[in-house]
Number of protein chains: 2
Amino acid sequence: MSKISPKAERRERIIESALKIFAEKGFQDATISEISKAAGVSDATVYEYFNSKEELLFTIPEDITVETIRETERVMPFLRGAESKLRAIVQSYVTIYEQNPEYANLIMLHLKTNRNFLRTRAFEVVRDAARMLLECIKEGIETGTFRKNTDPYLVRSIILGTIEHLCTRKHLQGQPENMLSQVDPMVDLILSGIRAPQEQQNISIHLHMTGTAKAPETITIVPEERKP
Amino acid sequence: MSKISPKAERRERIIESALKIFAEKGFQDATISEISKAAGVSDATVYEYFNSKEELLFTIPEDITVETIRETERVMPFLRGAESKLRAIVQSYVTIYEQNPEYANLIMLHLKTNRNFLRTRAFEVVRDAARMLLECIKEGIETGTFRKNTDPYLVRSIILGTIEHLCTRKHLQGQPENMLSQVDPMVDLILSGIRAPQEQQNISIHLHMTGTAKAPETITIVPEERKP
DNA sequence: TGAATAACAGAGTGTGACTATGATATAACC
DNA sequence: GGTTATATCATAGTCACACTCTGTTATTCA
């Protein structure tokens, strides 16, 4: 019973060929004939599985996106604090895009800017992932890790926007070579932009008193008001 | 001699109609017939001004992009310091996109992810704008306003990525309503992520000594080493 | 007014998405 | 194993649209 039904297997082959060819030539320049040939099926068969070229395009990211989110969700419970969670989410995004360049190509160059994609099952999953990120930011604000006046939606836009920009840039211009090495600098930068100001306790002052006079009875230290 | 040549005027009309229709229906779904009809010329005439539908698309952003950059460059000399310059550049980007929604639509949904657009005159100008932003970040690092270990390319990606994300989101999902109101929070957040740590001098400590004993001869204050 | 140029309508080509059909192969079930 | 149901196939055909070609008409400019 471990045998996959031949129908599902054929469908899988079409999707894989489509991914490869769409990523290589772009959605518009790729033809159904090429895809069906690469998958070893006839043109007509493609249309028995998918109603249109666009529907085929939209089906491609489903599995991999769902799998990614699941994996990230599995890691979450092991992390403590908004900062580590946020870092993990960003790392997870970038890892997927780094490890599946064709998938990344499709998402960044063909799906992200497609109106119809918004009405898609795969997009639902993408939206869930974005929600997870948002929750994490909100958690940081509530627990006092992040500034109280932080706009969580803006922070999310900054994070997603940066990832998308890096990814698009990589696929069009070949830079940066390695996106994963950008994760920590990027997260550090954003975190230090939204972290609540440190409590005074981490500044310790040592008073070395020299001389012959005895110490005064009390010393009061009054820190200046912090400028916002 | 203030009369524009009828040829240039006709060309202008075609470009304007194309902008409108591309933004409304998307590049693929718009047809040359619609555009020529809207411009009041024949299909054949369109091909006398532009070699292809795509060349027409690429020509649209030329003027407005050049004009925008010039305007921003004109303001620059009046600004002192990397922070104000950076803020001005971001504001200038967002203003253009806010004031020219059709142009923004085209850039974000159809040009930014087009390989051929990279070989375009209009893209040259876009690249110049990105360079200006980069120079400004580098200046901030050199003058000590920003952290020494800041990666200027990463900061630029964060800024451009965020703007693009906000803009794409607005055009696909209608949010945020007003992007200009996001400029200051966004710039503030990024600045506080890259600003060099404040010198100790802004922390002043008042020692109130009470009691009868005389003050000691010297007091040495040794601040703890900052954690990076 | 006359010569050069631009714009035109309309017919024609090629490509590629998608449909329809009937024949053939494959799977499923008794 | 044989029969039925289902998938797959090749093929031919439709349609929309980008783009070309041609000869005619309108505009511009001297």
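Numbers restart at 1 for each chain; the letters A, B, ... are given by sequence-line order, proteins then strands. Worth saying up front: this structure is predicted, and the values here are computed from it rather than measured.
Salt-bridge formation is not detected for the pair B:Lys37/B:Asp43: no Lys NZ or Arg NE/NH1/NH2 atom is positioned less than 4.0 Å from an Asp or Glu carboxylate oxygen. Note on A:Arg121 versus A:Glu62: salt bridge recorded, some NZ/NE/NH1/NH2 to OD/OE distance being below 4.0 Å. Between A:Arg195 and A:Glu83 there is a salt bridge, with a side-chain nitrogen of the basic residue lying less than 4.0 Å from a carboxylate oxygen of the acidic one.
Because its NZ or CZ atom is not both nearer than 6.0 Å to the ring centre of A:Phe117 and within 45° of the ring axis, A:Lys112 does not count as a cation-pi partner of that residue.
Distance A:Leu56 CG to C:dG16 P: 17 Å, rounded to the nearest Å. As a whole-Å value, the separation of A:Arg11 CZ from D:dA7 C1' is 16 Å. In this structure, A:Phe22 places its CZ atom 9 Å from P of C:dA17, rounding to the nearest Å. When rounded to the nearest whole Å, the span between CD1 of A:Ile32 and P of C:dA17 equals 6 Å. In this structure, B:Glu9 atom CD and D:dT28 atom P are separated by 10 Å, rounded to whole Å. At whole-Å resolution of the value, CZ in B:Phe50 and P in C:dA7 are 11 Å apart. Atoms CG (B:Asp43) and P (D:dA16) sit 15 Å apart, rounded to a whole Å. The CG-C1' distance, from A:Asp29 to C:dG16, rounds to 12 Å in whole Å.
When each of D:dT20, C:dG16, D:dA7 is scored by its nearest atom to the side-chain atoms of A:Thr31, the top-ranked nucleotide is C:dG16. Nearest to the side-chain atoms of B:Arg10 among the listed nucleotides D:dT8, C:dA17, C:dC8 stands C:dC8. Distance from the side chain of A:Ala44 is smallest for C:dA20 among the nucleotides C:dA17, C:dA20, C:dA7. Of the candidates D:dC19, C:dC8, C:dC18, C:dC8 carries the atom nearest the B:Glu48 side chain, counting heavy atoms from C-beta on. When distances are taken from the side chain of B:Ser52 to each of C:dC8, D:dC19, D:dC9, the shortest belongs to D:dC19.
Taken residue by residue, residues 33-42 of chain B places heavy atoms nearer than 4.0 Å to DNA chain C at B:Gly40, B:Val41, B:Ser42.
Taking side-chain N and O atoms only, A:Tyr49 has no distance below 4.0 Å to OP1 or OP2 of D:dA7.
The two residues A:Leu79 and A:Ser84 come nearest to each other via the heavy atoms CD1-O, 3.9 Å.
When atom types are taken as modelled, the side chain of A:Lys53 and the backbone of A:Ile32 share no donor-acceptor pair closer than 3.5 angstrom. No side-chain donor-acceptor contact under 3.5 Å links B:Arg13 to the backbone of B:Val41.
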